[in-house]
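Okay, structure first, notes after.
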Amino acid sequence: MTDHFSQKIFPTTQLEDADGDGHNTSLNPTMGEIIGKRFSRRGFLQGSLAVSAIAATVGPAALLSAQEARANGGSAFSFPEVEAGVDATHHVAEGYDADILLRWGDAIFADAPEFDPTKQTAAAQERQFGYNNDYVGFIPLDGSAEHGLLVVNHEYTNPHLMFPGLVTIVDGKIEQGKLSKDQVDVEMAAHGGTIVEIRKVDGKWQVVPEGKYNRRITANTEMRLTGPVAGHDRVKTSADATGTKVIGTLNNCAGGVTPWGTYIMAEENFHGYFSGELPADHAEAANYKRYGVPDSGYDWANFYDRFDLAKEPNEPNRFGWIVEVDVMDPNSVPKKRTALGRTKHEGAESIVAKNGKVVFYLGDDERFDYVYKFVTDGTYNPNDRAANMDLLDAGTLYVAKFNEDGTMQWLPLVHGEGPLTAENGFASQADVLIETRRAGDLVGATKMDRPEDVQPNGVNGKVYVMLTNNSKRKADQVDAANPRAANAFGHIIEIEEDGGDFTATSGKWEVLLKCGDPSVAEVGATFSTETTKNGWFGMPDNCAVDAAGRLWVSTDGNSNKATGRTDGLWAVDTEGDARATSKLFFRVPVGAEMCGPLFTPDDETVFVAVQHPGDGGEDWDGHGRPSYYEDLSTRWPDFKDDMPVRPAVVAITKIGGGKIGV
Ligand code: FEO
Ligand code: CA
Ligand code: CA
């Protein structure tokens, strides 16, 4: 299929790092003033320590880490830092093993065919690990930290790295051919998620291909819409008159594991899969414009009508949801939980509040879009798993407004309240949820610099918001929570909910870190002076809080050109004098993004996901060059001439055992 080339660029850049201005044209105010000195790091810390309710949430694990911190120059972390840089492989801190656990094409079932990249089929792919691993979760079996289900999202596909014979080089640039139906079918089977049993044997993690819960979820897996949008006319199609039965999940980026042990897959850049034109004057035109639909990043509409707006104009309303999977039943139908809203969901990390309600924090990853949280109506029952299985169908969705004075409000997106009325085109809560972004516009949410992971920390009671970057923010659009114009390197916000109550509708916030090279004054980065030249980073994306309450941040967008380093996993101090000190623990091979990360409950393993290695226009010694199947910038992790580069999940453990980073 090399005889017919389209002009498109790759979905990697097209969907996630798109150079557009975002799709938020609302008039929500920007505040125009850089945050004042009174919100300096230390001032806020003193204030927060005075709040006894927060101190009460600090558990023994945090106190232990504080003792360790005193013995380690104030930092809660102790490991030899990795040197930042760019080359063809990964690097982990000395004293640790980084073992490849699962690569694209590895067997998820005992009967899976051996991976042959020159003859890949959809049938084989459905039995094998998918492409571009992103979220990683661990659900213990029998309460063990050494035996459980690994759940992994497969966000998207990179055809130019996956398929031979698809690319030609024209004027030094890649042109990618149109995909055949067989290739599209492989792509669809390489999307979605993997549920696979894993076990630690003699200190090393192994996949259990015979695991009875093992499952692949793909772009063709049948799902149910549940909650307020289920059955609504706006989600009915010619294939589904009920408005409840959806085929597949798309672009599952980050996610979560609920307190009751289900797997959350967040649908992010769903707009890229749709092509074609809506019928003239179609009622969904404004809705789709707000979400950038269609984007035509994939060739799927050439073969499947559901991705063609001209034929199935309602189909995009069936994507952009939070999907919940019952991993204990491999035949369960995944549920799209519409009560949590429809956005380009980065993830959905959760925590049980003091009153037993469960709070999910949600980022909508696009320039100038919003941070959300969802609070369940019902309460979590730790003694009855079945009683929790539909908690996500009823609750309140809130959007964040960050005020200039360091306070914030969570504004409810509830039909009939404030502007969310029929006069403004919302006939019911279903309309509010289908057009979550417009609801956020109308209530006056704060336009953020690409909200990615939002992670509650049960040890210190705070919440961490990763904001990747926003090169399109202009000087007159700067506000306290997004304090830099042309924000190339992103920042991290720390939220403290009022009263230490995760269900609170107001709180305080401050910027934990402005990212980028602190040695370049114009960048305005705020890493501590203890942070080395290896320790700073740009573009925070995913993050994890370990059992001791320590923050680990992974990145998307570092490169030779951007920061002189690959993406990686950094340990970031949040407490005491070491606050805003960062250290590099692991770095990825050239072209990759760092996803995961996920700690086992004993903190003795961190799983990380190396996504899209070998992608992009740089090789390991910094010269610009195209990278594609026949001429790759790296063949990580196999380094064999007949094996292409492969996204993979890596298990990092301490040599000889023990907790990570201690
Ligand atoms: Fe798929 Fe927002 O990263
Ligand atoms: Ca991400
Ligand atoms: Ca990302």
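All values below were derived from every heavy atom in this structure, side-chain atoms included, with hydrogens, water molecules and symmetry-related copies excluded. As the structure is a computational prediction, the values presented were derived from the model and not from experiment. Order of listing sets the numbers, starting from 1, for every ligand and every atom in it.
- Listed for the Asn133 side chain is a donor-acceptor partner under 3.5 Å among the backbone atoms of Val610.
- Between atom 1 (Fe) of ligand 1 and the N, O or S atoms of Glu155, the shortest distance is to OE2.
- Distances from the Ca ion (ligand 2) to the N/O/S atoms of Glu346 are shortest for OE2.
- Judged by distance alone, with hydrogens and angles left aside, the side-chain atoms of Ser582 form a donor-acceptor pair with the main-chain N or O of Gly535 at under 3.5 Å.
- Atom 2 (Fe) of ligand 1 lies closest to atom OE1 when only the N/O/S atoms of Glu346 are considered.
- Geometry about atom 2 (Fe) of ligand 1 gives an angle of 90° between OD2 of Asp365 and OE1 of Glu452, rounded in steps of 10 degrees.
- In this structure, Lys344 forms no cation-pi arrangement with Phe319, as its terminal cationic atom is not both closer than 6.0 Å to the ring centre and no more than 45° off the ring axis.
- At least one N/O/S atom of Asp541, whether from backbone or side chain, sits less than 3.0 Å from the Ca ion (ligand 2).
- For Glu268, the N/O/S atom at the shortest distance from atom 1 (Fe) of ligand 1 is named OE1.
- A cation-pi arrangement, defined by a distance under 6.0 Å to the six-membered ring centre and an angle within 45 degrees of its axis, is absent between Arg587 and Phe537.
- Residues Val167 and Tyr629 are not in side-chain contact: their nearest non-hydrogen atoms beyond the backbone lie 4.5 Å or more apart.
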